[in-house]
Amino acid sequence: MTQSVTSITRRALLKKASAIAVGPAALPLSMHLLGMGNAAAATATDYKALVCVFMYGGNDHYNTIIPFDAGETDSFYEKYYHVRKGYGLIKGNYEGMALRTSSLINTVLNASALDPVSERTVKMALAPGMEAMHKLINEGHAGILLNVGTLEEPLTKAQFFSGKGNRPSDIFSHTQSQDWQKSALAGWGGQLADLFLAEQDNSAMTCISTAGSSRFLGGTSALAYGVGRRGAGRLNYETLFYEHKVAKALVTLTTKDLSLNLTSKSNNAERMRAAYNKVMIRNEKTAEKVNKALNLGNDLLINSIRHDKDTTLSSQLETVARLIAGRPTELKRQIFMVSLGGFDLHDGLSERHQHLLTLVSNGLSDFTMAMNKLGLGSRP
Amino acid sequence: MHCTYNLKQVASNLTELQLNPISRGHAMTEPTTSMTDVQPIHPLTLLPLSLAACGGSADDAVDLAGDAVSARHDLNANDLQGSPATNGNTRTEEEAAAFLARAAFGATPKSIARVRWLGFKNWIRWQEGLRSDKHTTWLTENGFGTKEWLLGKAPYERTMWRKYFTAEDELRQRLVYAWSQIFVVSGDGISVYFAHYSLANYLDVLEEYVLGNFKDLLKNVTLTTAMGCFLNMRGNRYNPKAVPDENFAREIMQLFTIGLTHLNEDGTSNENMKVPTYTNEDVKALAAILTGWDFANADSTIGLHSEARRHLMPMVFDLKRHVPGGKTFFNQSIPEGEAGLDAVLDILCNHANTGPFIARRLIQLLVTSNPSRRYVKDVARVFANNGKKVRGDLLAVTRAVLLHQEATQENPDRAKLREPVLRLLQWGRTFGARSISGKWTLETTGWNSRLGQMPLRAPSVFGFFSPDYHPPGESIRAPEFQLLDEATVVSYIKYMLSIFKNEHDVQANYESEIEMVRNLTNIELVQRYNLLLTANTLSSSTVNEVVAAISGMKFKTNIGHTRRIGAAAFLIMCCSEYFIQT
């Protein structure tokens, strides 16, 4: 989020990627890319955060970033159009499943992509619903990394069809691919957090998810803290059923640290009970801090989220922005996960995809504005 | 059917029992104090009650597939005689309560007595014959089939809650709930007129087949409009310029039948050399084979719009929209046309993976998250052959899951997290929850500010949790933990508090509960809920803490009683000893 990538070409990226390919083989390429930057430099004194926006169901990236070179020799748009036009049935912005060039004129990007094979630069456009994102990229606040995925090694089309080379495992299964994208053995967000924890003693505030339980943020020692739409929940009741003792018993019973009694001989029920209470205990220890950050952040960021305030993604990003704004000053590295579902569109693509992309675009744009307001928007 | 009628009559003759909360752990045959409490059951002994197939054996467990086939027919009035004692029934109260947590939505004194009377095996036999009214019929009778509801979806929730909370065929309902997590459809992915009929009919279809044959279940689910819409088989048609949609073709293999890698009979696969079960060519072929299906046409009837009524019918085949020519699937040639569906379903149902794959899922959903290899294997073998050379007999499979010794005997590794929805339903079943308005409006329970789980609204076809999910940092599988984070563990407690305070349309019947517990001491009250809610798995220190917490409460008035009941049961339902079902 704080690292703006405006001009990294795929070629340059691949060069760097190959330079670090000696890393643990089980990690997705995206983890290696993170390692390239100084995001993982946990000893740093400045503040950085990584916010993962996960698009559940798998986004159709071919209709998110579209080549805009119709009419040129060997046009990429023509290839895209040929594959996607179907019967040629025109419906709004679409011809079959292809976005028509006329729908893209407002979202053509200033920067071009470089095709590594022909070494030709190619104009690209964003999906028509992504005007806010288009502005961000053209102003240098955001960038696009193409061809970043779960490959274990470079794999050509010819290799793929001839069955040579290592394919990512379970490449045709969404759920496995999603898990793979988010994690190798431990989530790569969590692995980064493990590094941070060596330097900052604030475990629960290091990894925060508004997207529920996720492998992305699960490290070895770092665990994600889940935040609800109204902030962290507390069990700070004065009375329950008109009794002080019942209110007190609720806290005692739910936050007993049962892991202290675990041995190698403990059975599954004992392990699960301890695991459940661990979540309760973590909440009890952290909820106050989280809510303090949220409240402080709220005061600093009033009205900075403009679009779609009530949509699930914007409200999650707003929570993240508030948490960043109100963070404890000693915290130097944080990782967040937010998510938006519904991308597994199949025959609903032409009806719903643009709407989802608009939510992403507006959400990220608002979030960037909020970061700019905090002076965290663009850092070297 | 005549047999089940008699059983139904017998079972419904049981009057509400009050169990003595202190006399736990005694078998009914023992002359203990609890015998006095089961006096009301005596009228039953006048009825000829006993079950032929019991044969005086000490119940269940041994004979897994059992006589599942004959079970459908071999109960009749002449066999109904004797008493629990002569049946040799030795199940304790907590064994019965624990069984009901797996096979139903929870326990009441009445249902515990019934299970102890009948034994596990015959309880299943009794339940198997029960049916309840159709969801779709209720929708129509309550006016949801007229054109004002064209854009409706949420009303499915009402009839779903209604039956989950109250239907007498609890085993069937519990299985519907479990299978709806294997064959997942989600209302969020179904955009069609009268979507509530589509979803309600999906539940009706599950009900119809969950105790029938696996292939019939799979085929009828495949042809529901809900599955057709959700995974895009509906309207998937031949187009010379495009390939058919592969969504359903993938998921029916990956999630509904055989899974991704070859399995051993015990459900394990070789970690070092995983062999994929199918190729992408198989997916393409299957997608082509399953083209040509779409909604049936229907005329309107009184109170039921044509667009709603077609959801009650299986999808229909149109050869003109079907990819022409024969296809090859799993190296077998598949004929062109409608017959292709049966041909591929036979291949998938007969695949060696399907038994262990389904066995493991059902065991995890009903009994335990980490079943032994032997447990999976035993159930898979029953799937393969019910004892009468029938494959896929789901009554036999259900019995095998619920009656296996790992489910019914002492088993230290038996454990699973109760899903939030199952906790809510248990509250409702235990405290006789009813809808005040008769409309069963509970709104959505799915947000992470509430239960964090809403039936038929999973975020994707992968459901609420993966069967292989490990909580972060844990060495054991605990799929349901995927629903948990700091937000949902706390929001569950807050939501249950509002539930216990009867702040919703679905409310507990505390009046009748008060009659049961009026004279109980605090420790007796806590022991009652310990039995009903946890099958007596609370530690003594937890029991003591709950007793101490309610020790100062006054309960002379009904308001006082309601608070005491609420405080005791609520605290128990917030303990991790309760959350983990054993």
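Chain letters run A, B, ... following the sequence lines, proteins first and then strands; every chain starts at 1.
In this structure, the portion of S369(B) lying under 4.5 Å from any heavy atom of chain A is its side chain and not its backbone. With a threshold of 4.5 angstrom between heavy atoms, A275(A) approaches chain B through its backbone and through its side chain. Within the 4.5 angstrom heavy-atom criterion, only backbone atoms of R477(B) (N, CA, C, O) approach chain A. Of the atoms belonging to D413(B), heavy atoms from both backbone and side chain fall under 4.5 Å from chain A. Contacts of A548(B) with chain A are made by backbone atoms alone, with heavy-atom separations under 4.5 Å and no side-chain atom involved. Neither the backbone nor the side chain of F465(B) comes within contact range of chain A, judged by heavy atoms closer than 4.5 Å. Heavy atoms of A567(B) lying under 4.5 Å from chain A belong to its backbone as well as its side chain. In this structure, the portions of C574(B) lying under 4.5 Å from any heavy atom of chain A include both its backbone and its side chain. For chain B, the nearby parts of L250(A) are the backbone and the side chain; heavy atoms of each come within less than 4.5 Å. Proximity to chain B is limited to the side chain of K256(A), based on heavy atoms less than 4.5 angstrom apart. Contacts between S191(B) and chain A at a heavy-atom distance below 4.5 Å involve the side chain alone, from C-beta outward. Proximity to chain A (any heavy atom under 4.5 Å) is shown, for P412(B), by both the backbone and the side chain.
Summarising the local packing, CD of E238(A) is surrounded by 12 or fewer heavy atoms from other residues, nucleotides or ligands at distances under 6.0 Å. Environment of NZ in K245(A): crowded, with over 12 heavy atoms of neighbouring residues, nucleotides or ligands closer than 6.0 Å. Around NZ of K79(A), the count of heavy atoms belonging to other residues, nucleotides or ligands within 6.0 Å exceeds 12. Remark: E288(A) CD is loosely packed, at most 12 non-hydrogen atoms of other residues, nucleotides or ligands lying under 6.0 Å away. Heavy atoms of other residues, nucleotides or ligands lying less than 6.0 angstrom from CD1 of I559(B) number 12 at most.
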Give the C-alpha distance, both sets of side-chain angles, the deciding distance and a yes or no for side chain to side chain contact (heavy atoms under 4.5 Å, CB included) between M272(A) and N370(B).
CA-CA 12 Å; M272(A) 287 187 198; N370(B) 296 272; 3.9 Å; yes
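Ranked by heavy-atom pairs shorter than 4.5 Å toward chain B, the options G233(A), G342(A), A287(A) are led by G233(A). In terms of non-hydrogen atom pairs under 4.5 Å with chain B, the most contact-rich of A269(A), A274(A), A249(A) is A269(A). Here N239(B) is the residue among N239(B), T582(B), V283(B), L417(B) with the most heavy-atom pairs under 4.5 Å with chain A.
The main-chain N or O of E577(B) is found under 3.5 Å from a side-chain atom of R273(A) such that the two form a donor-acceptor pair. One N or O on the side chain of K494(B) and one on the backbone of R234(A) form a donor-acceptor pair closer than 3.5 Å.
With rounding to the nearest 0.5 Å, the separation of CG in L253(A) from OG in S541(B) is 8.5 Å. A distance of 10.0 Å separates CG in L235(A) from CG in L497(B), rounded to the nearest 0.5 Å. How far CD of E486(B) is from CZ of R282(A): 4.5 Å, rounded to the nearest 0.5 Å. Atoms CD1 and CG, on I580(B) and N268(A) in that order, are 10.0 Å from each other to the nearest 0.5 Å. Put simply, CZ on F500(B) and CG on L240(A) are 12.0 Å apart, with the number rounded to the nearest 0.5 Å. To the nearest 0.5 angstrom, K278(A) atom NZ is 12.5 Å from S576(B) atom OG.
Evaluation of the side-chain hydrogen bond (donor to acceptor under 3.5 Å, both in side chains) rule for T279(B) yields D282(B) as partners, not counting sequence neighbours. Y492(B) pairs by the ring pair (Phe, Tyr, Trp, His ring centres under 6.0 Å) definition with F579(B), not counting sequence neighbours.
Across all non-hydrogen atoms, the minimal contact from N232(B) to L345(A) is ND2-O, 4.5 Å.
Side-chain atoms of R563(B) and V246(A), non-hydrogen and from C-beta on, never get closer than 4.5 Å to each other.
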